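None of the values given here were measured: they were computed from a predicted structure. A note on names: the letters A, B, ... follow the listed sequences, proteins ahead of strands, and every chain is numbered from 1.
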Amino acid sequence: MPRYDFKPVESRWQQYWDENQTFRTEDAVSEKKKLYVLDMFPYPSGSGLHVGHPEGYTATDIVCRYSRMNGLNVLHPMGWDAFGLPAEEHAVKTGTHPRETTNQNIATFKRQLKMLGFSYDWERELATTDPDYYRWTQWIFLQIFDTWYDSEYEWTGPDGVKRTGKGRPISELPIPSEVKSSGTEAVRRYQDKHRLAYVSDAPVNWCPGLGTVLANEEIIDGKSERGGHPVVRMPLKQWMLRITAYGDRLANELDPLTWSEAIKLMQRNWIGRSVGAEVDFKIVGDSASGGASAFRDQAQAVTLNAENAHGGLTPNRSPFPKEPAADTIRVYTTRPDTLFGVTYMVLAPEHPLVDKITTPEQKAAVDEYRTKASLKSDLDRTDLAKDKTGVFTGGYAINPVNGEKVPVWIADYVLISYGTGAIMAVPGHDERDYEFAKTFGIPIICVVQSEACLTRSREVAKESQADSDGTLCDSAPSRETNPLEQELPFTEAGTAVNSGKYDGLPTADFKAQITKDLEAAGLGKEAVNYRLRDWLFSRQRYWGEPFPIWHELDVDGNPTGLMRADTAESLPVLHPHMEDFKPTGTPEPMLAKATPEWLFKTDTDGVKLKRETNSMPQWAGSCWYYLRFCDNKNSTNFIDPAKEKYWLPVDLYIGGAEHAVLHLLYSRFWHKVLFDRGHVSTPEPFQKLVNQGMILGEPDENGKAEKMSKSRGNVINPDEVVKDYGADSLRLYEMFMGPLEQTKPWQMSGVEGVYRFLGRVWRMIVDERAETVKLADAVVDAAPSDEQLRVLHKTIKAVTDDIDRLSFNTAISRMMEFSNFMSSQEARPKLVLSQFVQLLSPFAPHIAEELWNVLGHPNTLAYEPWPTYDPALLVEDSVEVPVQFNGKLRSKIVVPANSDAAALEAAARADEQVQKNLEGKTVVKVVAVPGRMVNFVVK
RNA sequence: GCCGGAGUGGCGGAAUGGCAGACGCGCUGGAUUCAAAAUCCAGUUAGAGUAACAUCUAGUGCGGGUUCGACCCCCGCCUCCGGUACCA
């Protein structure tokens, strides 16, 4: 055979693998250990595969091929995340049905992936747009709809772990007697309010450009993540998923997972759990304020309690109410220890108490501010408008710890959607409150002292014995005039001052104590909040999963607010036929334009029903695809329980870091609901996660590499690379570029490099001058030399260890070293070459199969046992060891490999160079590490 | 701002306490060739030094520290990349 010609080789073996179903995976092979290796499945875009895709895909393919050779039963599937806007936007422009576009794109992607020789079991292929698939997406939605979260429930899962909190069937939701007595409709409404999937009327992010609402997570800097269209807030009835119920578990159950700490941290930050306290501030009545003075007594009672805080408390009032009373502002704070530093309060502009508290004099100003705030987009409210704005309402509330009257403002730096939508402002110890107070001239009180400040004050007190009242910081003095002054705001933990009986308490103790005291007095309570919001789950587009939900209509055809779910048997809910895919231009969903046959029906009991016309977001399909791969053809169940138990969890999941938060969080949430409802047996879907780094475009003349993008014109097309260098070279280069997880620039010259390497490997084995397939003359059937054997075994060890560490770039280096060595050998034993070809096969499977064949093995090497190394063969007789003087290299000596420290030192002292360096010096110490080095410490 | 990650030759990178720069690219020289491509061989951190070797000095973003010994560990900065942004 002539020179290395990848074209026939690659097509031959791809055909062979196809025809022989080489990578078809059997379920539940008991005698084999399982390994589930998953790629993040792609969105099949119209522009085809990007060189970023094969990076992760090659990495998993290497692991899979390697693991099969190690006797594991490997599940390695591929599918398509195929719902989404681009196909629909294309339909708007051309009238082509999104399904048609989607199928074309899938065909392109599949051809490109097959061309790269990945060892997927294509029998398991799926697309989220298949009715057979989204039937079960809808089914899972119904499970979520049928579930409420019992946060008190204690139970032990099939994994043997004890948990508090469980998603339970809605039928098990306890119904309060007053609800029950109001009739079945009231019960249904009560249940609907507690479901994990519920309809909410809260303001949402409507994106006119995309014609849909978006989740908070899909908005970046106030614009849509996709397309960068502006987003406005408006109230719309939308489906929400109660992911916040799982906040604790989503954060805590990250711990045992083999994910990078960075990604775990990102998820924890996204969930943003914080522990603090809710505290009630009573609104001051306008005139006689009997309520307020009564409250003053109560407040004093708290202070009193605090006095004997360490001597046991007597709860003296009713417990902290579940809902705040009508004349009460409830705030959430993580720093209840700063209650004595409160100088004003802020309500979010949307807060329901604003109308109540605003005085007639302030009404005009407040109304104006609220209107302005409501018109502001998120962009205006966050990024641009860093300057604090707000308006005084004219109203006051009473600080429960000291009975002081506190002015109440409204300001848009307080968000209605977080905590209670109201805050107590402590400008001395909060950056935002500080800025606000500075802007509006509100007093600033210091109630927490830093350690440094405290020490300083003690010293000064000792020296002068003058100033000792503890009031060490005020709002404005300069450091020069007052050495005790503390720079404000001081937001860290410290020691309490100006806090009555709590003075001197460290922040942590103070927090615990005051929370207890407030609770005892019925004025507050420990509370947990999440940055995470419930997941906005509906979109207004055509090309997404329809909801399996009906709305009841009254006799006039108006929705009653009551809902009915489709039965599991009636799924899937298919898309209606539509010709016109133009957006409605309003928040009215596309599906509302469907035919009446699709939209309406009358149920068996005569109730008229209208279909839900929202559709699910693209995330829905990707939330559970890893489950379906285990059993993609099951028509009676979303997954066979036995197969689920065998294959899950995913052992290795590789994909881009752009999904670090959203996809992974959503997926984990669904998985946990399914876990609670007994449909899956593991609490987490993905045991090990690795994020591949981004591949940048070719560096410019200044050596700067940028993100690949059409607009920059630096996109590398995998088709072109395969055409010029072959699939094996592309795979090898993608792995050789650098560490998998690192961002790195593409360099075509690097592809050339690995291509040349494959050519050298080819010539090492095949006689390229011969007309037919013929081994090179140097390839012999003889036994290897000791050196050849040692190099082979070193390579086996290195490549094996490197694959285990996913360190593919170094594995390839080691194979290059091997071929550099072996190519120069005049006699190359077949046995050694065969084992090397096996090492190469996970990386460059086509050429490896071909060479394996040429070396005389008739069958595929896909299941040949992975070579093992003999540690005894790795040991060299002698080693070269560096000799240092004061840590600096001065000489090298060759010693027997097993020399001990004494022998090492003796050999070093015998060395000519060493003796020269020893002249006139005093040896203080000698450090000799056998096999590593010798160091003379001299003076 | 906050939270992560990373800074090593001309370039991608290797070495996680013990010979800095493996492997590859590029470059230089040589072999082969009528010539080229391809291939093979040698060299390639910088500076000093030598006829040539030898040898010496400096060197892993910057400044300190720990250690017999630091790219590696610790402290303080700088730069770049990613995430996040009024979350009380």
Side-chain angles (χ1 to χ4, degrees), chain A residues 3 220-221 260-266 268-270 272-274 276 331-335 338 346 348 381-383 385-386 388 411-415 417-426 429-433 435-436 491 529-533 657-658 660-661 691 693-694 696 699 703 705 707 732-733 736-739 741-754 756-757 759-760 763 768 807 809-817 819-820 823-824 880-892 913 916 924-929 931-938:
Chain A
R3 338 198 314 192
I220 293 169
D221 294 339
S260 72
E261 281 309 313
I263 298 287
K264 287 189 189 181
L265 199 72
M266 271 194 201
R268 287 203 191 92
N269 287 346
W270 195 266
R273 182 182 200 266
S274 73
V331 302
Y332 171 74
T333 176
T334 54
R335 292 295 299 272
T338 58
V346 183
R381 267 180 83 151
T382 56
D383 255 23
K386 281 286 182 191
K388 296 283 177 292
D412 65 4
Y413 82 93
V414 172
L415 309 173
S417 49
Y418 184 77
T420 59
I423 62 153
M424 58 179 227
V426 186
H429 305 283
D430 182 281
E431 300 266 359
R432 297 149 298 177
D433 298 346
E435 281 173 39
F436 190 86
T491 57
N529 257 300
Y530 299 92
R531 202 191 81 110
L532 180 72
R533 306 293 154 79
E658 66 272 21
V661 178
N691 294 110
M694 212 191 332
L696 304 175
K707 227 177 190 163
L732 212 51
Y733 175 64
F736 188 61
M737 291 171 83
E741 298 187 61
Q742 196 169 297
T743 301
K744 43 212 176 273
W746 184 274
Q747 284 177 316
M748 220 35 117
S749 56
V751 185
E752 187 87 38
V754 294
R756 286 204 285 244
F757 161 66
R760 282 199 296 277
R763 286 191 299 278
E768 68 169 340
S807 179
N809 56 331
T810 51
I812 294 166
S813 304
R814 303 310 291 260
M815 291 190 283
M816 287 172 167
E817 285 178 276
S819 87
N820 289 346
S823 297
S824 66
E880 194 189 51
V881 163
V883 182
Q884 304 172 344
F885 277 75
N886 293 340
K888 284 186 180 173
L889 180 69
R890 281 297 175 270
S891 182
K892 291 175 189 179
Q913 267 301 322
K916 225 160 77 184
V924 180
K925 189 178 170 185
V926 182
V927 183
V929 182
R932 304 309 294 261
M933 46 68 69
V934 183
N935 188 15
F936 290 93
V937 186
V938 296

Output yes when at least one side-chain N/O atom of A/N820 is less than 4.0 Å from OP1 or OP2 of B/rG24, else no. yes
Expressed as a whole number of angstroms, how long is the span from A/N809:CG to B/rG12:P? 14 Å
Selection from B/rG18, B/rG13, B/rC23 that lies nearest to any side-chain heavy atom of A/K744: B/rG13
Lys NZ or Arg CZ of A/K388 over A/F436 ring: under 6.0 Å, within 45°: no
Go through B/rC11, B/rA88, B/rG13 for me and flag the one nearest to the A/Q747 side chain. B/rC11
Would you kindly compare A/T333 and A/P882 by the position of their nearest RNA chain B nucleotide and give the one closer to the 5′ end? A/P882
For nucleotides 80-84 of chain B, give me every protein contact, N/O to N/O, under 3.5 Å, one pair per line with atom names.
none

Is the phosphate of B/rC25 approached by A/R756 (side-chain N or O, under 4.0 Å from OP1 or OP2)? yes
Should the ring pair A/Y733 and A/W746 be called parallel, tilted or perpendicular, given that the plane angle runs from 0 to 90° and is split at 30 and 60? perpendicular
Where the chi angle of B/rG83 falls, syn if within 90° of 0 and anti if not: anti
Atom pair CG/CG of A/L532 and A/N269 - distance to nearest 0.5 Å: 12.0 Å
I'd like the C1' distance from B/rA20 over to B/rU8, given in whole Å. 8 Å
Roughly how many Å is it from OH in A/Y413 to P in B/rG1, rounded to a whole number? 22 Å
Could you state the CG-P distance from A/N886 to B/rC68, rounded to the nearest angstrom? 11 Å
Mind checking the P distance from B/rG24 to B/rG47? Whole angstroms is fine. 25 Å
Nearest-nucleotide pick for A/K892, side chain only, options being B/rA22, B/rC25, B/rC19: B/rC19
Roughly, in whole Å, what's the span from CE in A/M748 to C1' in B/rG26? 17 Å
Kindly compute the distance separating CZ (A/R273) from CZ (A/R531), expressed to the nearest 0.5 Å. 16.0 Å
Same-atom distance (C1') from B/rC74 to B/rG17, integer angstrom: 13 Å
Within this structure, what is the CH2-to-P distance between A/W746 and B/rG12, rounded to whole angstrom? 16 Å
A/F736 side chain: which of B/rC19, B/rG24, B/rU55 is closest? B/rG24
Euclidean distance for C1', B/rG65 against B/rG21 (whole angstrom): 26 Å
Closest of B/rA22, B/rA58, B/rA88 to the A/S813 side chain is B/rA22
Taking B/rC11 as the reference, what is the distance to B/rC62 when you measure between their P atoms (whole Å, please)? 15 Å
Which of these nucleotides, B/rG13, B/rA88, B/rU57, is closest to any side-chain atom of A/Y418? B/rA88
Spacing between A/Q884 atom CD and B/rU67 atom C1', to the nearest angstrom: 12 Å
Considering only B/rC23, B/rA20, B/rC68, which nucleotide approaches the side chain of A/L889 most closely? B/rA20
Whole-Å C1' distance, B/rC56 and B/rU79: 34 Å
Does A/K925 contact B/rC68 through a side-chain donor or acceptor facing the base, at a distance under 3.5 Å? no
In whole angstrom, what separates A/Y733's OH from B/rG13's P? 9 Å
Can you tell me how far apart OG1 (A/T333) and CD1 (A/I423) are? Round to the nearest 0.5 Å. 8.5 Å
Looking only at side-chain atoms of A/E880, point me to the closest of B/rC23, B/rC19, B/rG18. B/rC19
For the side chain of A/R890, counting heavy atoms from C-beta on, which of B/rU57, B/rC23, B/rC68 is nearest? B/rU57
Give each stem of RNA chain B as a range with a range, requiring at least 3 consecutive Watson-Crick or G-U wobble pairs whose two distances are under 3.5 Å. B:1-7 with B:78-84, B:10-12 with B:23-25, B:26-31 with B:39-44, B:45-48 with B:55-58, B:61-65 with B:73-77
On RNA chain B, compare the nucleotides closest to A/Y332 and A/Q913; which residue's is nearer the 5' end? A/Q913
P gap between B/rG26 and B/rG12, integer Å: 15 Å
In terms of side-chain heavy atoms of A/P739, which of B/rA14, B/rC56, B/rA88 is nearest? B/rA14
A/E817: partners by side-chain contact (heavy atoms from CB on, under 4.5 Å), with sequence neighbours left out: A/R814
C1'-based separation of B/rU50 from B/rA54 [nearest Å]: 8 Å
Taking only the side-chain nitrogens and oxygens of A/N529, find out if one of them lies under 4.0 Å from OP1 or OP2 of B/rA88. no
Can you measure from CH2 (A/W270) to CZ (A/R533) and round to the nearest 0.5 angstrom? 10.0 Å
